[in-house]
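Here's the structure, in structure tokens; my notes come after.
When reading the values below, keep in mind they use all heavy atoms of this one structure, side chains included, and skip hydrogens, waters and symmetry mates. Each residue takes its place number in the sequence, starting with 1. These figures come from a predicted structure and were not determined experimentally.
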Amino acid sequence: MAITNTGMGELIRDGLDRLGILSSSKRAEITHHSTSLFELYKARLPDGSQLAIKIIPKKEMAETEAEGLEQLCRLGVRVPEYLGTVHLGKVSLLAMEFVQTGSSAGFREDLIASLKNLYKNEFGSWGWKKDNFIGTLNQANGWFSTFREFYWERRLKPQIELAQARKLLTDKDLSAIRGIFDKFSEDWGLNHVKPRMVHGDLWSGNVLQGKNGFAYLIDPSVAYSHPEQDLAMLQLFGSPLNLEEMQDILATAGLDDPGNLKDRIQFWQLYPVLVHINLFGASYLTSLRHILRYYGVK
């Protein structure tokens with residue numbers, strides 16, 4: 001769709017000029033591509049190449065997304081080529097390779113290869129060196145010596161408290177979630193797992209099926225956590241991978257007991273469901289109640 005906001009088109013051209021991608025003497029054709037939590041534009045350069053330009057309202061949000069893309073790329077994960085970030089007034093522009101979507105041939109194999117590369121990277125602590133974002137919500141990080149402390153203090157608890165402040169969850173909900181978390185963290189020995197680098201926001205919409213048959217991961221929210229966090233989130237809205245493929249990814253990474261992944265998926269879905277409650281409201285409470293019932297909460 002051709003861009004109707006002349007100001008946005010000029011803003012993007014200015015950003016491309018500042019990044020050294022396109023001189024001000026040349027023109028790029030700017031079109032609006034899509035809208036979700038953020039606006040995405042496509043820039044067609046005079047040589048015919050195409051870029052994706054993401055409009056991000058916070059400087060810190062753009063910077064942490066860029067760092068996440070670069071981190072994944074260093075670890076052998078296929079992502080769109082990151083070209084730069086520029087801050088212009090009240091918004092930031094993140095420029096990257098535009099991925100033409102299409103063919104499914106080879107897509108699953110390429111995704112599996114990227115995830116195997118990602119999860120083989122162990123680390124001595126849980127968390128990440130700086131805070132980042134999940135969707136548009138702040139996601140605190142820092143370093144922790146145990147899974148239990150990291151995942152409760154930096155993942156579940158902040159989302160529960162935000163939902164309570166918005167009158168979406170009750171103290172009873174908090175107690176139920178804490179009970180499930182404590183019980184299964186202990187039963188499954190999660191404190192004894194070595195943390196691995198994860199994408200952190202790996203729902204199916206953040207996996208692009210390239211026309212070339214490659215799988216491109218976008219919008220990362222990286223940390224050293226548990227790979228099952230990613231794989232369970234991938235299941236939340238329709239995973240391109242089946243259970244056996246996910247179990248193979250975990251086994252290749254050297255994680256214990258991949259055969260029981262099915263029983264743990266809803267445990268890991270607590271976090272993204274809480275995030276969706278805070279982003280989109282009470283409509284996602286049904287998903288939360290389903291998880292609580294699955295683990296025996298009446």
Side-chain angles (χ1 to χ4, degrees), residues 72 75-77 108-128 143-157 159 176-204 206-207 215 217 220-275 287-288 290-297:
L72 295 185
L75 299 178
V77 175
R108 292 160 71 99
E109 293 80 3
D110 196 57
L111 175 57
I112 290 168
S114 277
L115 295 179
K116 286 182 176 180
N117 284 339
L118 181 60
Y119 303 145
K120 69 184 181 183
N121 292 278
E122 298 179 355
F123 198 66
S125 299
W126 299 84
W128 186 235
W143 297 115
F144 294 84
S145 60
T146 66
F147 162 79
R148 188 168 179 174
E149 186 180 11
F150 162 68
Y151 209 76
W152 180 257
E153 295 295 333
R154 291 294 187 262
R155 293 297 180 265
L156 296 179
K157 184 180 176 183
Q159 294 299 326
I177 295 168
R178 183 67 203 242
I180 289 170
F181 177 75
D182 287 345
K183 172 177 170 52
F184 292 109
S185 294
E186 181 67 26
D187 288 357
W188 297 332
L190 296 180
N191 277 331
H192 304 296
V193 176
K194 290 183 178 180
R196 316 295 177 99
M197 176 57 60
V198 301
H199 176 284
D201 193 7
L202 195 65
W203 69 289
S204 56
N206 283 342
V207 183
L217 274 56
S221 184
V222 299
Y224 286 99
S225 185
H226 197 301
E228 290 180 3
Q229 174 189 343
D230 272 353
L231 298 178
M233 190 169 187
L234 200 55
Q235 284 281 309
L236 197 56
F237 300 109
S239 175
L241 304 179
N242 60 41
L243 182 63
E244 291 73 23
E245 288 167 330
M246 293 190 294
Q247 289 169 334
D248 175 60
I249 290 169
L250 295 172
T252 301
L255 289 157
D256 293 335
D257 201 22
N260 286 324
L261 171 64
K262 185 176 180 180
D263 293 332
R264 297 192 290 268
I265 284 175
Q266 294 196 62
F267 171 89
W268 295 108
Q269 287 178 346
L270 278 169
Y271 181 58
V273 166
L274 288 167
V275 167
S287 298
L288 176 62
H290 177 80
I291 295 172
L292 297 181
R293 287 195 300 271
Y294 182 85
Y295 291 113
V297 176

Please check: side-chain N/O of [X] versus main-chain N/O of [Y], any donor-acceptor pairing under 3.5 Å?
{"X": "Asn191", "Y": "Glu186", "result": "no"}
{"X": "Glu245", "Y": "Asn242", "result": "yes"}
{"X": "Asn206", "Y": "Asp201", "result": "yes"}
{"X": "Gln247", "Y": "Gly259", "result": "yes"}

With sequence neighbours excluded, residues passing side-chain contact (heavy atoms from CB on, under 4.5 Å) with Lys116: Ile112, Asp248, Ile249, Thr252
Between CZ on residue Phe147 and OG on residue Ser185, distance to nearest 0.5 Å: 4.5 Å
Under the salt bridge (Lys or Arg N to Asp or Glu O under 4.0 Å) test, residues paired with Arg264 that sit two or more places apart: Glu228, Asp257
Heavy-atom side-chain proximity of [X] to [Y] below 4.5 angstrom:
{"X": "Asp263", "Y": "Asn260", "value": "yes"}
{"X": "Gln235", "Y": "Trp268", "value": "no"}
{"X": "Val275", "Y": "Tyr271", "value": "yes"}
{"X": "Val297", "Y": "Ile177", "value": "no"}
{"X": "Trp143", "Y": "Tyr224", "value": "yes"}

Between side-chain atoms of residues 119-128 and protein atoms elsewhere (two or more places apart, or another chain), which donor-acceptor pairs fall under 3.5 Å?
{"residue": "Tyr119", "atom": "OH", "partner": "Asp230", "partner atom": "OD2", "Å": "2.8"}
{"residue": "Asn121", "atom": "ND2", "partner": "Asn117", "partner atom": "O", "Å": "2.8"}
{"residue": "Asn121", "atom": "ND2", "partner": "Leu118", "partner atom": "O", "Å": "3.2"}
{"residue": "Glu122", "atom": "OE2", "partner": "Arg196", "partner atom": "NH2", "Å": "3.2"}

Partner residues of Trp188 under the ring-ring contact (aromatic ring centres under 6.0 Å, His included) criterion, sequence neighbours left out: Phe184, Phe267
With sequence neighbours excluded, residues passing ring-ring contact (aromatic ring centres under 6.0 Å, His included) with Tyr294: none
Contact summary for Pro258 and Ala251, nearest pair of heavy atoms: CG-CB, 4.1 Å
Selection residues 231-240 - residue pairs positive for salt bridge (charged side-chain N to carboxylate O under 4.0 Å, His left out), sequence neighbours left out: none
